[in-house]
Amino acid sequence: MTRLVLAEPDRHMRRRLQQRVDALDRAGEVIDAPVERLPFPDATFDTAVVTLVLCSVPSQEAALAEIARVLKPNGRLLFIEHVRSHDPKLAKRQDRIRPVYNLVGCNPNRETLAAIEASALRVESVRHGEVPKAPKVERPMIVGTARR
Ligand SMILES: C[S@@+](CC[C@H](N)C(=O)[O-])C[C@H]1O[C@@H](n2cnc3c(N)ncnc32)[C@H](O)[C@@H]1O
């Protein structure tokens with residue numbers, strides 16, 4: 001049986017997530033846990049997914065270490081994250097605007113791919129693209145997979 005566990009500490013997001021899970025035709029559980037302290041033993045999951053989360057966590061290093069811990073050997077992380085631009089001019093704009101984004105807990109200027117590469121995960125595939133319709137500073141995006 002596939003077990004779907006979704007960790008979401010924000011109560012508004014959690015409520016929306018619960019509605020989506022209830023509408024699904026499979027077992028799913030929404031838990032209230034920060035990604036840095038997932039209440040699961042080592043090597044529990046085949047797959048972990050982060051979408052626009054590594055831009056928000058206080059420490060990417062701590063988040064990725066915990067994700068690596070709960071993944072089974074050869075387990076996969078799927079990620080979609082908006083990241084620091086390769087264009088130095090846009091990266092500078094991302095740095096300038098960061099204090100504003102910090103008010104909503106987001107850092108649009110992070111070197112997230114480097115953080116994944118520096119973790120216990122091995123990047124398997126990555127595509128650089130743009131978040132559609134987002135403000136320019138939020139557009140640079142990576143989509144990819146990494147293995148434990
Ligand atoms: C930009 S929102 C993205 C929401 C959703 N994942 C999506 O793709 O639409 C950032 C999310 O990161 C979550 N988040 C922030 N810090 C977190 C942490 N320490 N542990 C787990 N989730 C966290 C927030 O609760 C929020 O849902």
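Each ligand, and each atom within it, is numbered from 1 in the order the structure gives.
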Heavy-atom nearest neighbour in the protein, as seen from atom 17 (C) of ligand 1, with distance rounded to 0.1 Å: V57 CG1, 3.9 Å
Atoms of ligand 1 close to D10 [distance to a heavy atom under 4.0 angstrom, numbered from 1]: 25 (O)
4.5 Å side-chain heavy-atom contact, Y101 and E138: yes
Intermediate values then yes/no, side chain to side chain contact (heavy atoms under 4.5 Å, CB included), K92 and N109: CA-CA 9 Å; K92 229 179 204 164; N109 63 344; over 6 Å; no
Nearest non-hydrogen protein atom, atom 15 (C) of ligand 1: S56 CB, 3.7 Å
A7 contact mode with ligand 1 (heavy-atom cut-off under 4.0 Å): neither
Option nearest atom 5 (C) of ligand 1 (shortest heavy-atom distance, choices T51, V49, L54, V35): T51
Parallel, tilted or perpendicular: ring planes of H128 versus H86, cut at 30 and 60 degrees: tilted
With R147 via side chain to side chain donor-acceptor pair (under 3.5 Å) - residues at least two apart: E124
Salt-bridge contact R11-D32 (side-chain N to carboxylate O under 4.0 Å): no
Protein contact to atom 4 (C) of ligand 1 [nearest heavy atom, distance to 0.1 Å]: M13 CE, 3.2 Å
Residue that, paired with R110, satisfies side chain to side chain contact (heavy atoms under 4.5 Å, CB included) out of E81, Q60, H82, Q94: Q60
Interfacing atoms of ligand 1 (cut-off 4.0 Å, heavy-atom, P34): 20 (N)
Nearest neighbour of atom 10 (C) of ligand 1 from the list L52, L17, D32, on a heavy-atom basis: L52
Closest candidate by heavy atom, reference atom 25 (O) of ligand 1, pool E81, E8, R14: E8
Side chains of R69 and T44 in contact at under 4.5 Å (non-hydrogen atoms): no
Contact check: P9 vs ligand 1, nitrogen or oxygen atoms, below 3.5 angstrom: no
